[in-house]
There are 2 protein chains.
Amino acid sequence: MSKQSPAELTGTLAFQIGVLGTTITDLFAARIAPLGLKPKHAGLLALLANQGARSQAEAAEAMGVAPSLLVGLADRLQDLGALTRERDPGDRRRQVLALTADGTALLKSCNRIAEAIDTDLTADLDPADAAALRRALAAMTGFEPRRVLS
Amino acid sequence: MSKQSPAELTGTLAFQIGVLGTTITDLFAARIAPLGLKPKHAGLLALLANQGARSQAEAAEAMGVAPSLLVGLADRLQDLGALTRERDPGDRRRQVLALTADGTALLKSCNRIAEAIDTDLTADLDPADAAALRRALAAMTGFEPRRVLS
DNA sequence: CAATAATGATTCACAATATGAATGATTCAA
DNA sequence: TTGAATCATTCATATTGTGAATCATTATTG
């Protein structure tokens, strides 16, 4: 006889990645909380670091969130001294966000925390499988809409 | 020279799985919405199907949510005729949830939807990498707390 | 056995998160 | 130059989740 119960739903990649993603994000959130950050703050820092200064509208678009949400994220990071927020002289409607040295340092801390989680995640994982996982993620991350860590 | 920018934060598994998980869960949520379900409803159906009837406290524990949240989930599924909710005769404090035939059918629909997402996800993925991905997920899914799809 | 503690389900008040509509400033197009 | 579009911001609102309080029931224990 074949297998009786094929682990309905929970056997799918969609379900497993969904659950694991939430678990990891919650853990990441707990570990960056002492820095005064939430995952979306870290996502914004990373965006600015990797893609350079951006207006709030551009950042919101890139992160897949409403522009109104970005106001609060930028407020917070500005309070922490992690970014500057200046009117674009060429178009004074735009608020241009740019990382400060403090922001870069903060991002590095987030990065270290994420890497520590990676270490735990891949602890009992065949190195070849870990490499394949990275390839698979790269292939899947071009998937449909973009949205940054919540 | 070595690579200048190592994709700060966004290069980590933690970040990538977090983002992908949210993206996938949002997509899954959109596709099961016509069934009148949200991801947590589907998670509860799957729990009952895969592990048998459970009290609400047990289900909440297994899903990693507050018992008070489970009340509403069970209400909804009961309204849809997807589960029965009966006092345990042996301990009349416990409400025991059990799948109905309609609930099983509903879960099968969710399963099909998740499988369709899997198909898209793995479309341009080396089959060997897809297999490795499954192994990696299996290894990582024993990770810390449990929480079901949100 | 009686009194007290613990457990399960439920309701409720509340916090956190996100959205979209409205507003005001500015820029673009006709 | 007038009207439409864009950007940032605020505000009202929806959604989601939690924990405290309550009530019924069951366990404990003096």
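We name chains A, B, ... by the order of the sequence lines, and we start the count at 1 in each one.
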Quick one: [X] [atom1] to [N] [atom2], roughly how many Å, whole number?
X	N	atom1	atom2	result
B:Arg87	D:dC23	CZ	C1'	11 Å
A:His41	C:dT17	NE2	P	8 Å
A:Gln78	D:dA8	CD	P	13 Å
B:Leu44	C:dA9	CG	C1'	15 Å
A:Asp26	D:dT16	CG	C1'	13 Å
A:Arg54	D:dC7	CZ	P	14 Å
B:Leu73	C:dT10	CG	P	12 Å
B:Leu69	C:dG8	CG	P	17 Å

Between B:Lys38 and D:dT15, is there a side-chain N or O to OP1/OP2 distance below 4.0 Å?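 False: B:Lys38 side-chain N/O out of range (4.0 Å or more) of D:dT15 OP1/OP2.
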N or O in side chain of A:Gln56 less than 4.0 angstrom from D:dT9 OP1/OP2: yes
All salt bridge (Lys or Arg N to Asp or Glu O under 4.0 Å) counterparts of [X], not counting sequence neighbours:
X	answer
A:Arg135	B:Asp129
A:Arg134	A:Asp118
B:Asp102	none

Of all heavy-atom pairs between A:Leu35 and A:Cys110, which one has the smallest distance, and what is that distance? CD1-SG, 4.2 Å
Check whether the side chain of B:Ser68 and the base of D:dG19 form a donor-acceptor pair under 3.5 Å.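 Yes, a donor-acceptor pair under 3.5 Å.
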Just to verify, which of B:Arg54, B:Met63, B:Gln56 counts as forming a side-chain contact (heavy atoms from CB on, under 4.5 Å) with B:Leu44? B:Met63
Strictly under 4.0 angstrom, non-hydrogen atoms only: write out the protein contact profile of nucleotides 24-29 of chain D, one letter per nucleotide from the 5' end, B, S or -. BBS---
Run the side chain to side chain contact (heavy atoms under 4.5 Å, CB included) test against B:Ser55 and tell me which residues pass, sequence neighbours left out. B:Ala57, B:Glu58, B:Arg94
Under the side chain to side chain contact (heavy atoms under 4.5 Å, CB included) rule, collect the residues that match up with B:Ala136, sequence neighbours excluded.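 Applying side chain to side chain contact (heavy atoms under 4.5 Å, CB included) to B:Ala136 gives A:Leu125, A:Leu133, B:Met140.
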Checking contacts here: which listed nucleotide (D:dA8, C:dA9, D:dG17) is nearest the side-chain heavy atoms of B:Lys40?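 The answer is D:dG17, which lies nearest to the side chain.
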